[in-house]
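Each remark here refers to the structure printed beneath this line.
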2 protein chains.
Amino acid sequence: MPDTRTQILDIAERFIRTGGYNNCSFREIATEIGIKSASVHHHFPAKQDLAVAVARRYAKNFRAGLGEPAPAGKQPEQQIALFCDVFRSAFASSGLACLCGVLSSESALLPERVQQEIASFVDANVVWLEQALAGGSKKRNKAIHQNARLIYAALQGAMAVARLKQDSRWLDDVSLAISHQQ
Amino acid sequence: MPDTRTQILDIAERFIRTGGYNNCSFREIATEIGIKSASVHHHFPAKQDLAVAVARRYAKNFRAGLGEPAPAGKQPEQQIALFCDVFRSAFASSGLACLCGVLSSESALLPERVQQEIASFVDANVVWLEQALAGGSKKRNKAIHQNARLIYAALQGAMAVARLKQDSRWLDDVSLAISHQQ
DNA sequence: ACCTGAACACCGTTCAAGT
DNA sequence: ACCTGAACACCGTTCAAGT
């Protein structure tokens with residue numbers, strides 16, 4: 001049995017990745033654990049503190065899963081395929097979206113600290129993709145820069161539509177289109 | 001001065017495109033117009049009725065803006081550029097996201113009728129892109145199918161990040177990457 | 001047809017109080 | 001340190017009542 005703080009983070013992450021910031025309620029978290037909502041505030045004073053903590057933990061796990069920096073000595077195609085597979089397996093196993101994708105599209109209603117946390121996670125992902133596309137070398141050019149953004153944006157968009165239509169083929173098709181253009 | 005119903009639709013669309021479904025409140029709409037929230041329910045009995053009406057009107061305007069079906073006799077590159085520009089000019093002029101992109105990433109918390117409305121709007125967009133990529137001919141193949149999905153997903157994702165970072169270059173970069181791979 | 005006030009169960013947040 | 005009950009202003013929704 002994880003401690004209360006970890007339970008709160010787990011449940012909050014699930015709520016946010018399911019339906020966004022407003023779908024994550026202190027009262028529902030409390031009910032699921034079996035405490036009162038005021039007790040959740042003891043661990044995370046305000047909702048933005050909880051969201052920032054969820055985002056930090058999520059980013060750390062995501063980076064650990066990918067390997068950081070992008071593992072050298074592999075072909076760019078393999079690394080890009082690995083990146084795509086993170087999204088595809090998340091959808092296949094849990095149906096949960098990327099925390100980042102959900103919160104990005106809600107950014108206007110997020111506290112600024114939460115926005116900044118999500119923004120730096122996006123940056124980290126794009127840097128990873130640029131490393132992967134450069135194949136471990138130091139070269140960076142406009143094509144790599146734009147292509148990394150394209151891949152990241154397309155996966156976020158495809159994840160959203162796959163969840164909307166409950167159809168993993170959207171993620172499959174976009175992953176294939178990405179790999180074909182390498 | 002538009003009628004009350006139109007005012008409600010206008011304000012609701014702005015709220016949803018700013019921060020999603022939960023960011024759109026009957027009470028706030030009512031306050032902005034100068035009536036009571038119970039009066040808004042006279043025009044739209046439940047929130048899902050309002051959301052469906054907003055989605056229908058939005059989809060109609062979007063299609064009218066693009067020209068439907070994709071105007072024949074133009075080069076695919078020009079038509080794809082046109083599609084990208086819809087997103088870029090929406091961001092530049094109003095900072096508002098695509099209604100669809102916002103609601104897609106929240107789909108788990110939407111009433112099913114709203115989900116279906118958004119899903120069919122996505123379909124219409126992809127069909128438009130497939131027509132554009134096929135250059136007016138009847139030919140459809142896997143590459144066109146996947147590419148249309150890639151373009152749509154990438155623009156939705158890029159819009160989300162552009163709003164998160166308040167940086168239109170994300171949309172510019174992704175539009176360029178899309179045009180380069182044609 | 002259009003609007004309102006009042007009620008209901010929800011929400012985040014605060015705070016004094018308990019252990 | 002961790003939890004609670006009670007209060008506050010918010011939310012969608014309903015409904016009887018007004019014009």
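Protein chains get the first letters and strands the later ones, always in sequence-line order, with residue 1 at the start of each.
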Residue-level proximity of residues 99-115 of chain B to DNA chain C when a heavy atom falls under 4.0 Å: none
Short side-chain to backbone donor-acceptor contact, A:Trp128 and A:Gly67, under 3.5 Å: yes
Which residues share a side chain to side chain contact (heavy atoms under 4.5 Å, CB included) with A:Asp123, sequence neighbours left out: B:Lys165
Closest nucleotide among D:dT4, D:dC3, C:dC3 to the A:Lys36 side chain: D:dT4
Euclidean distance, atom NE2 of residue A:His42 to atom C1' of C:dT19 [Å, nearest integer]: 12 Å
Secondary-structure string, 5' to 3', Watson-Crick or G-U under 3.5 Å, | for another-strand partners, for DNA chain C: ||.|||||...|||||.||
Atom pair distance, as rounded to whole Å: CG in A:Asp3 and P in D:dC3: 10 Å
Distance in angstrom units between A:His43 NE2 and D:dC3 C1', rounded: 8 Å
Residue among A:Arg56, A:Arg113, A:Arg5 satisfying salt bridge (charged side-chain N to carboxylate O under 4.0 Å, His left out) with A:Asp49: A:Arg113
Sorted by number, the residues of residues 7-20 of chain B with heavy-atom contact under 4.0 Å to DNA chain D: none
Rounded distance (Å) that lies between atom C1' of C:dC10 and atom CD1 of A:Ile29: 15 Å
Pair listing, salt bridge (Lys or Arg N to Asp or Glu O under 4.0 Å) test, anchored in residues 81-99 of chain B, at least two apart: B:Asp85-B:Arg88, B:Arg88-B:Asp172
Contact state string [nucleotides 12-17 of chain D, B base, S sugar-phosphate only, - no protein heavy atom under 4.0 Å]: BBBB--
Residue-phosphate contact under 4.0 Å: A:Ser39 side-chain N/O, D:dT4 OP1/OP2: yes
A:Leu171 reachable from A:Leu99 in the ILVMFWY side-chain graph, under 4.5 Å edges: yes
